[in-house]
Protein chains: 2
Amino acid sequence: MGKQMTEMLKGTLEGIVLALLTGKPAYGYEITTLLRDQGFTDIAEGTVYALLVRIEQKGLVDVEKRPSEKGPPRKVYSLNTQGKQELEEFWRTWSFLAERIDQLHSTDRIEGEK
Amino acid sequence: MGKQMTEMLKGTLEGIVLALLTGKPAYGYEITTLLRDQGFTDIAEGTVYALLVRIEQKGLVDVEKRPSEKGPPRKVYSLNTQGKQELEEFWRTWSFLAERIDQLHSTDRIEGEK
DNA sequence: TACCAGTACATAGTATCGCTGAGTAGTGAA
DNA sequence: TTCACTACTCAGCGATACTATGTACTGGTA
């Protein structure tokens, strides 16, 4: 992706990951592949791990270490109460922003038709 | 607004301003008040002017200095061809991201209802 | 055996971007 | 002359994603 996407992901990537964790705990490598499957093909592994460290330090997730059949042990992250609250606020912030931007988009189209 | 909004504006604020400039040139102070009217009440003046410097250096806008009846001369920014292209790419990037996030939002709601 | 791909996590350094806080300058009203 | 409004500028800060690299374990294969 381009620079635009990189900048746009700031602030949204955390919400995306929190949303992915809703109801289904996951570990870092898994989250990375999930993101890639969802179309975020260029998200760097390092980005995800750094983000996970951050949300763990903020106390938004609980962590459990589980052995893996293939490779090093996995760190499984699950959303806790505080994480769910943060996610709710993320949705509020996102909705506010998306509403306004989509409105700009539609008026822009109309301008363009003139 | 909170930190979430601050981070989310990264990458989107530039697009918002470019969209505001579509069809109607404007100067910095005017853009700031436009943003506030649109609900972005906490956008700092300094942020807008810095952004304008950036998009000017990137060659996305043409600038014209006009005297003002009240205060220092205005720098009027208007979108040029390159700016319009950048705006189009912004909409593509935005649509991609918004689509995926909105999808996550809806599946999240369904999860929550379980 | 030696090598490589896949799994899994970690981190130091960099660039970008928005915010804070302060400053400069002009106008007009109390 | 003091204040409010208009209008722009800039240095320093914090947060976030990317780059690049490294560690470590498993299993297949030449």
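First the proteins, then the strands, lettered A, B, ... as listed; each starts at 1.
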Asker: So, OP1 or OP2 of dC9(C): does either fall under 4.0 Å of a side-chain N or O from Y49(A)?
Answerer: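 For dC9(C), OP1/OP2 do have a side-chain N/O of Y49(A) under 4.0 Å.
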
Asker: Looking at K70(B), I want to see if its NZ is surrounded by more than 12 non-hydrogen atoms of other residues, nucleotides or ligands under 6.0 Å.
Answerer: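 No - once you tally the heavy atoms of other residues, nucleotides and ligands closer than 6.0 Å, there are 12 at most.
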
Asker: Could you label the plane-to-plane angle of the F96(A) and F40(B) rings as parallel, tilted or perpendicular, counting under 30° as parallel and over 60° as perpendicular?
Answerer: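 F96(A) vs F40(B) ring planes: perpendicular.
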
Asker: Between P on dT16(D) and CD on E45(A), what's the gap in Å once rounded to a whole number?
Answerer: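 In whole Å, dT16(D) P lies 21 Å from E45(A) CD.
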
Asker: Could you tell me how far apart I55(B) (CD1) and dG18(C) (P) are, to the nearest whole angstrom?
Answerer: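 Rounded to whole Å, this separation is 11 Å.
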
Asker: Strictly distance-based, threshold 3.5 Å: is any side-chain N or O of Y27(A) a donor or acceptor partner for the main-chain N or O of E64(A)?
Answerer: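 Not confirmed, Y27(A) side chain does not pair with E64(A) backbone.
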
Asker: Output the rounded distance in Å from CG (L18(A)) to P (dT16(D)).
Answerer: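 In whole Å, dT16(D) P lies 12 Å from L18(A) CG.
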
Asker: Rounded to whole angstroms, how far apart are CD on E30(A) and C1' on dC9(C)?
Answerer: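 The distance from CD of E30(A) to C1' of dC9(C) comes to 14 Å, rounded to the nearest Å.
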
Asker: Whole angstrom is fine here: how far is it from OH in Y27(B) over to C1' in dC8(D)?
Answerer: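 Rounded to whole Å, this separation is 12 Å.
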
Asker: Which residues within residues 56-79 of chain A lie with some heavy atom under 4.0 Å of an atom in DNA chain D?
Answerer: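 Of all residues in residues 56-79 of chain A, the ones placing a heavy atom under 4.0 Å from DNA chain D are E69(A), G71(A), P72(A).
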
Asker: Picking from dA10(C), dT20(C), dG6(C), which would you name as closest to the side chain of Y29(A)?
Answerer: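 The listed nucleotide nearest to Y29(A)'s side chain is dG6(C).
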
Asker: Without decimals, in angstroms, what is the distance between M8(B) CE and dC19(C) P?
Answerer: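 Between P of dC19(C) and CE of M8(B): 13 Å.
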
Asker: Using only side-chain N and O atoms of T6(A), determine if any of them is under 4.0 Å from OP1 or OP2 of dA17(D).
Answerer: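 No, outside the criterion.
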
Asker: Nearest-Å distance, CZ (R36(A)) to P (dC18(D))?
Answerer: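 R36(A) atom CZ is separated from dC18(D) atom P by 10 Å.
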
Asker: Ignoring hydrogens and geometry beyond distance, is the side chain of K3(B) in donor-acceptor contact with the base of dA15(D) at under 3.5 Å?
Answerer: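 No, no donor-acceptor pair under 3.5 Å.
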
Asker: From E7(A) CD over to L9(B) CG, what is the distance, rounded to the nearest 0.5 angstrom?
Answerer: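 Reported value, rounded in 0.5 Å steps: 12.0 Å.
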
Asker: DNA chain D: T33(B) or L9(A), which has the more 5' nearest nucleotide?
Answerer: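 The 5'-side residue here is T33(B).
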
Asker: For E14(B) and A50(A), find the nucleotide of DNA chain C closest to each by heavy atoms; which residue's nucleotide sits nearer the 5' end?
Answerer: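 Closest to the 5' end, via its nearest nucleotide, is A50(A).
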
Asker: Are any of R54(A)'s side-chain N or O atoms less than 4.0 Å away from OP1 or OP2 of dT16(D)?
Answerer: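 Result: yes.
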
Asker: Determine the contact category for L52(B): base if any of its heavy atoms lies under 4.0 Å from a base atom, sugar-phosphate if only primed atoms, P, OP1 or OP2 are that close, otherwise nothing.
Answerer: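 Here L52(B) touches no strand at all.
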
Asker: Starting at CD1 of I31(B), measure out to CD of E45(B) and round the result to the nearest 0.5 Å.
Answerer: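 With rounding to 0.5 Å, CD1 (I31(B)) is 12.0 Å from CD (E45(B)).
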
Asker: Between E30(B) and R74(B), does at least one N-O distance fall below 4.0 Å, as a salt bridge requires?
Answerer: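 No.
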
Asker: Take V53(B) and Y49(B) through the side chain to side chain contact (heavy atoms under 4.5 Å, CB included) test and state the conclusion after the steps.
Answerer: CA-CA 6 Å; V53(B) 168; Y49(B) 287 110; 5.7 Å; no

Asker: Report the distance from atom CE of M5(A) to atom P of dC17(C), rounded to the nearest whole Å.
Answerer: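 Distance check: M5(A) CE to dC17(C) P gives 15 Å.
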
Asker: Just to be sure I understand the rule, does G46(B) reach a base, reach only the sugar-phosphate, or reach nothing, if contact means heavy atoms closer than 4.0 Å?
Answerer: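 Touches a base.
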
Asker: Nearest to the side chain of I43(A), heavy atoms from C-beta on, is which of dA15(C), dC8(D), dC18(D)?
Answerer: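 Output: dC18(D).
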
Asker: Measuring from atom CG of L18(B) to atom CD of E14(B), what distance do you get when rounded to the nearest 0.5 angstrom?
Answerer: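 Those atoms lie 5.5 Å apart.
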
